[in-house]
Amino acid sequence: MKASSQYNHLKIEKKWQKNWETQGTYKTDKPNKKKKMYILDMFPYPSGAGLHVGHPRGYIGSDVYARMNRMKGFNVLHPMGFDSFGLPAEQYAIQTKKHPGPFTDKLVAQYKKQLEVIGFSYDWSREVSTHRPEYYKWTQWIFLKLYDAWYDSKKNKARAIEELVVLFEKSGTKSVAAVTDSNTPTFTAKEWQAFSSIEKQNILMQYRLAYEGFAEVNWCEELGTVLANDEIVDGPTGPVSERGGFPVIKKTMRQWFMRITAYADRLLQDLQPLDWPNNIKEIQKNWIGKSEGSELTFNLQTASGSLAEVTVFTTRADTLFGVTYIVLAPEYPFLPEWQNVISNWSEVDIYIKSVAQKEENERTSADKEKTGVQLKGLVAVNPANGEEVPVWIADYVLANYGTGAVMGVPQHDERDFNFATKYKLNIIDRPLVDKIEITKKVGGSIVTKYKMRDAIFARQRYWGEPIPLRHAVNGLIVPLKEKQLPLQLPNVKSYEPSGNGESPLSRVKDWVKEGYETNTMPGWAGSSWYFLRYMDPTNAKAFAGEKAIDYWKDVDMYVGGAEHATGHLLYSRFWHKFLYDMGYVPTKEPFKALRNQGLIGGSDGRKMSKRWGNVINPDDVVKLYGADSLRVFEMFLGPFESHLPWSTEGIIGSRRFIERVWRLNDKLTDTKTISKILHKTIKKVTEDIQSFSFNTAVSSLMICLNEFEKNGVGEKDFQIFLQLLAPFAPHIAEELWKGAESIHLAGWPKYNPKFLIEDEITIGVQVNGKVRAEITLSKDASKEDIEVAALSLPRIKEFLQGVTVKKIIVVPGRVINIVVAE
RNA sequence: GCCCGAGUGGUGGAAUGGUAGACACGGGGGACUUAAAAUCCCCUGCCCUCACCGGCGUGUGGGUUCGAGUCCCACCUCGGGCACCA
């Protein structure tokens, strides 16, 4: 700190990082009277490749935000942890035949080390890793709560399954609303009592929020696992896994599911007040895909009379009179029952089988020509006018959306038009009617449908949380008791998938003998609630203590990548709403505010990756330029949410800025007054950090420094400047700070608006909207003063020669515009 | 195809409807130095000009306005999401 000492970032940064740790500078206070602020980063998956310079960008932004708010006096919770179950570690295990646990621990340690040199203000004593049994005990616990719950759509909340059993015992299904998009049976209390245990289990399974069922899944043979839709990409010959690019096919398998669809409407409604980026809200809205329409029933008839009823879903009930045919999905469940009355059944049967063989991707590819077959011998009767129309099956109708049946109105629907044209079906133009009136008139009902589907909650792999229940020999499912948790992952001899689509756990004899579930939970299980664990990370009695949850409540600011819009951010909201319904958390939403950071690409404009040889390692940058320079640069580079290229020249500018701060410390004058520029900078930096406009905050710090260098600056001003710099460059700010305690706890400067007013203002003088001159006037100059001054300028006089002034517009402090006619 | 978002100097970018290009990188010139690095000072949107003056400029074309990068309409390009959802 002595005059003319060299700026040695290595020494300074190491020194303060150690000091902060031993002093516990960033340790979060226990719940107290102070106002809380929970500032969270999306925790990383610790991959073997390590961090590149793009990864910390979001963390730096949230750290700047956290540091300012900590200085402002908030009790800041700013933790970090690791999402440490996942496929890469599993593949490592398969390749090396070693347990993925120690490998994961090593990666976590490596990651942490890389993060530490950047100087984040994390409270590391709250670190969590999802693969540790102390943690996943509570992931399993939440799973069991979901298993033991159903959604009461009358009360619009989740309730314990025992309460459903009580309702069934009392009055059967009479007072229970059916589950959305599920064919739950109806029965009386008496009938319920007569059901066997297995029958009861099967019925309850249709209500549980975590339930077992069969589903067509995306099966990847090479990876030996089922993949979520967002883990699949289009390959040249069909769908392939995002990781590895292996082919993916459809396969029906036993699965566990999460009944997220029960929450569809609340997930949509509660989106509105959130302080989230608009595009993320839009993406979730589209994903949930609410559509309101009518269910209308057509009577199916054969030559000998009525056969059955078919209900179609339509958003265009107003076009009911224009219906010229009805189409069912090829999977429509009653087709086989009707084979005796369908005169061309063999043709129909061949079509159904050919569709079944197609992969969904092929079937639903956008511009594929529609195909279909008429069900001969059947007609459908339009409930509005009694017209008889032909009945078809076609692959463009999806069995799992709406009712699996649609009405064809070629006059008003492009798709129907194409289909009708291809198969020479009638196209008729009929007047439109009122949607609601016609729906009522024909005895239909107004309904709401969602595109969102229930989420598959099982993976056929080893490295995930075991699902905590057993299948007894008599077929009954026995969930584990809380005190039996965690159900730890057993050791296995081989991590290879079993080949028949089951998890490696299916080869562990004892495990299977005990009836344990061989599927494990998907990657998103542990990440759907981790923010709650940070509130009270070592609690052994609950996922977090009541006191901690009541104090911390929810995340005030969540920072991470936009790629989690339909995954993590949706699943977390769902789990959180469930926990809210059951009284475990006090808030309806987990993340009040959200910001997305942009990616940093290579300086060649490509994605930063080993493949292109354009990866910049933050460790190297920190060594060469220092963490402070890296932090300042990543914030200065451009808007926080923009994707930007890395620039090795660019960081030099930030390094220069830091060094100039260092040198200025040796050139302080004895000025006492707080300068105008400083007040301006306090205002700008404070507002910009608040709004995540970090780039302009840094720029205003640079402007302030430029001015200090030009005009000189005293000790007092300089120290305040350091406080403003501290969130961005915490090490140098601490080093040059003269206060007794850490600068990072030293309060946040306030500005006085009085000092923001300039004595003199320079405004532009326009003629017909074009700037022709400038004038500098006192801040108190009246409109008239400005007019007189402007009109007397020689340059302006020239422009006004031979023309008449029509109008003069004065915008105080900005501009004067003289409007003339020639 | 549908739904979002974005197009500004050589580069990253800045700009409550009010002087477009802040800040920084790069480039040019100068000072210091035996020299180089570092540092400091000046210039740097394009065209014309020695210079002044001037003209043109925020993807394209229209419009609203005294005044448009900003608002409205149409189009083009790029990025993201969804995709036979009835």
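Small disclaimer: the values here were computed from a predicted structure and weren't measured. In the text below, chain A, chain B and the rest are named by the order of the sequence lines, each starting its count at 1.
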At under 4.0 Å, does any side-chain N or O of A/Arg656 touch on OP1 or OP2 of B/G26? yes
Assign each of A/Thr314 and A/Ile818 to its nearest nucleotide of RNA chain B by heavy atoms, then name whichever residue's nucleotide is nearer the 5' end. A/Ile818
Answer with base, sugar-phosphate or nothing: what part of the nucleic acid does A/Val815 contact at a heavy-atom distance below 4.0 Å? base
Taking N and O atoms by type only, does the side chain of A/Lys807 place a donor or acceptor under 3.5 Å from a partner on the base of B/C66? no
Between P on B/C84 and CH2 on A/Trp392, what's the gap in Å once rounded to a whole number? 21 Å
Is the distance from OP1 or OP2 of B/A86 to the nearest side-chain N or O of A/Thr403 less than 4.0 Å? no
Whether A/Tyr7 and A/His9 hold their rings parallel, tilted or perpendicular, with breakpoints at 30° and 60°: tilted
Using atom CD1 of A/Ile786 as one end and atom C1' of B/U19 as the other, report the distance to the nearest whole Å. 14 Å
My understanding is that a pair needs two contacts under 3.5 Å, Watson-Crick or G-U wobble. By that rule, which nucleotide pairs with B/G5? B/C78
Between B/U8 and B/A15, how far is it from one C1' atom to the other, in whole Å? 10 Å
Applying a 4.0 Å non-hydrogen cut-off, can you work out what A/Gly289 is touching in the nucleic acid: base, sugar-phosphate, or nothing? nothing
Do A/Leu398 and A/Glu331 have side chains that get closer than 4.5 Å, going by heavy atoms? no
What verdict does the salt bridge (charged side-chain N to carboxylate O under 4.0 Å, His left out) test give for A/Asp395 and A/Lys370, after you've listed the backbone C-alpha separation in whole Å, the side-chain angles of each residue and the deciding distance to 0.1 Å? CA-CA 7 Å; A/Asp395 60 357; A/Lys370 295 163 197 10; over 6 Å; no
C1'-based separation of B/G55 from B/G61 [nearest Å]: 22 Å
Quick note, A/Glu774 side chain, CB onward, closest among B/G12, B/U19, B/A86 is B/U19
Over all strands shown, is A/Phe417 touching base, sugar-phosphate only, or nothing at heavy-atom distances under 4.0 angstrom? nothing
Can a side chain N or O of A/Arg772 be found less than 4.0 Å away from OP1 or OP2 on B/C53? no
The side chain of A/Val771 lies closest to which of these nucleotides: B/G13, B/G18, B/A20? B/A20
Out of B/A20, B/G67, B/C53, which nucleotide sits closest to the side chain of A/Asn817? B/G67
Just the rounded figure in Å: distance from P of B/C41 to CD of A/Glu709. 7 Å
If pairing requires Watson-Crick or G-U wobble contacts with both distances under 3.5 Å, which nucleotide is the partner of B/U16? none
Heavy atoms under 4.0 Å, any strand shown: does A/Thr696 hit a base, just sugar-phosphate, or nothing? sugar-phosphate
A/Arg453 CZ - B/C82 P separation (whole Å): 14 Å
Got more than 12 heavy atoms from elsewhere within 6.0 Å of CD1, A/Ile652? yes
Rounded to whole Å, how long is the line connecting atom CG of A/Asn695 with atom P of B/U8? 16 Å
Closest of B/C3, B/G67, B/C56 to the A/Asn286 side chain is B/C3
State whether the number of non-hydrogen atoms from other residues, nucleotides or ligands found under 6.0 Å of A/Lys422 atom NZ is greater than 12. yes
Can you tell me the Watson-Crick or wobble partner of B/G61, both distances under 3.5 angstrom? B/C73
Considering only the P atoms, how many Å lie between B/G21 and B/U58, rounded to the nearest integer? 14 Å
Regarding A/Ile809, tell me which of base, sugar-phosphate or nothing describes its non-hydrogen contacts under 4.0 Å with the strands shown. base
Given RNA chain B, 5'-ward residue of the pair A/Val698 and A/Ile763, judged by closest heavy atom: A/Ile763
If I take atom NZ in residue A/Lys435 and atom C1' in nucleotide B/A86, what distance separates them, rounded to the nearest angstrom? 12 Å
Do A/Lys783 and A/Glu787 sit within salt-bridge range, that is, some charged N less than 4.0 Å from a carboxylate O? no
Let me know the distance between CE of A/Met452 and C1' of B/C82, rounded to the nearest Å. 15 Å
Per A/Arg660 side chain, nearest of listed nucleotides B/C23, B/G13, B/C40: B/C40
For B/A83, the nucleotide meeting Watson-Crick or G-U wobble distances (both under 3.5 Å) is none
Shortest side-chain distance from A/Tyr396, nucleotide among B/C23, B/U19, B/C84: B/C84
Using ring-ring contact (aromatic ring centres under 6.0 Å, His included) as the criterion, point out the one residue from A/Phe419, A/Tyr325, A/Tyr332, A/Tyr351 that pairs with A/Trp392. A/Phe419
If we count only N and O atoms by modelled type, under 3.5 Å, do the side chains of A/Tyr401 and A/Ser291 hold a donor and an acceptor together? yes
When you get a sec, tell me which of B/U16, B/A24, B/A86 is the closest nucleotide to the side chain of A/Arg814? B/U16
Among the nucleotides B/U19, B/G54, B/A86, whichever has the atom closest to the side chain of A/Thr315 is B/A86
I'd like to know if A/Asn279 reaches the base of B/C4 with its side chain such that a donor and an acceptor end up less than 3.5 angstrom apart. no
In whole angstrom, give the distance that lies between atom CD of A/Glu760 and atom P of B/U19. 19 Å
Using atom P of each nucleotide, how far apart are B/C56 and B/G69 to the nearest Å? 14 Å
Of the nucleotides B/C66, B/A22, B/U39, which one has an atom closest to the side chain of A/Ser699? B/A22
Taking pairing as Watson-Crick or G-U wobble with both contacts under 3.5 Å, can you name the mate of B/U33, or confirm there isn't one? none
Report yes if at least one side-chain N or O of A/Asn706 is closer than 4.0 Å to OP1 or OP2 of B/A24; otherwise report no. yes
Regarding the side chain of A/Arg663, the nearest nucleotide among B/C40, B/G18, B/G5 is B/C40
Pairing check on B/G45: which nucleotide meets the Watson-Crick or G-U wobble criteria with it, both distances under 3.5 Å? B/C56
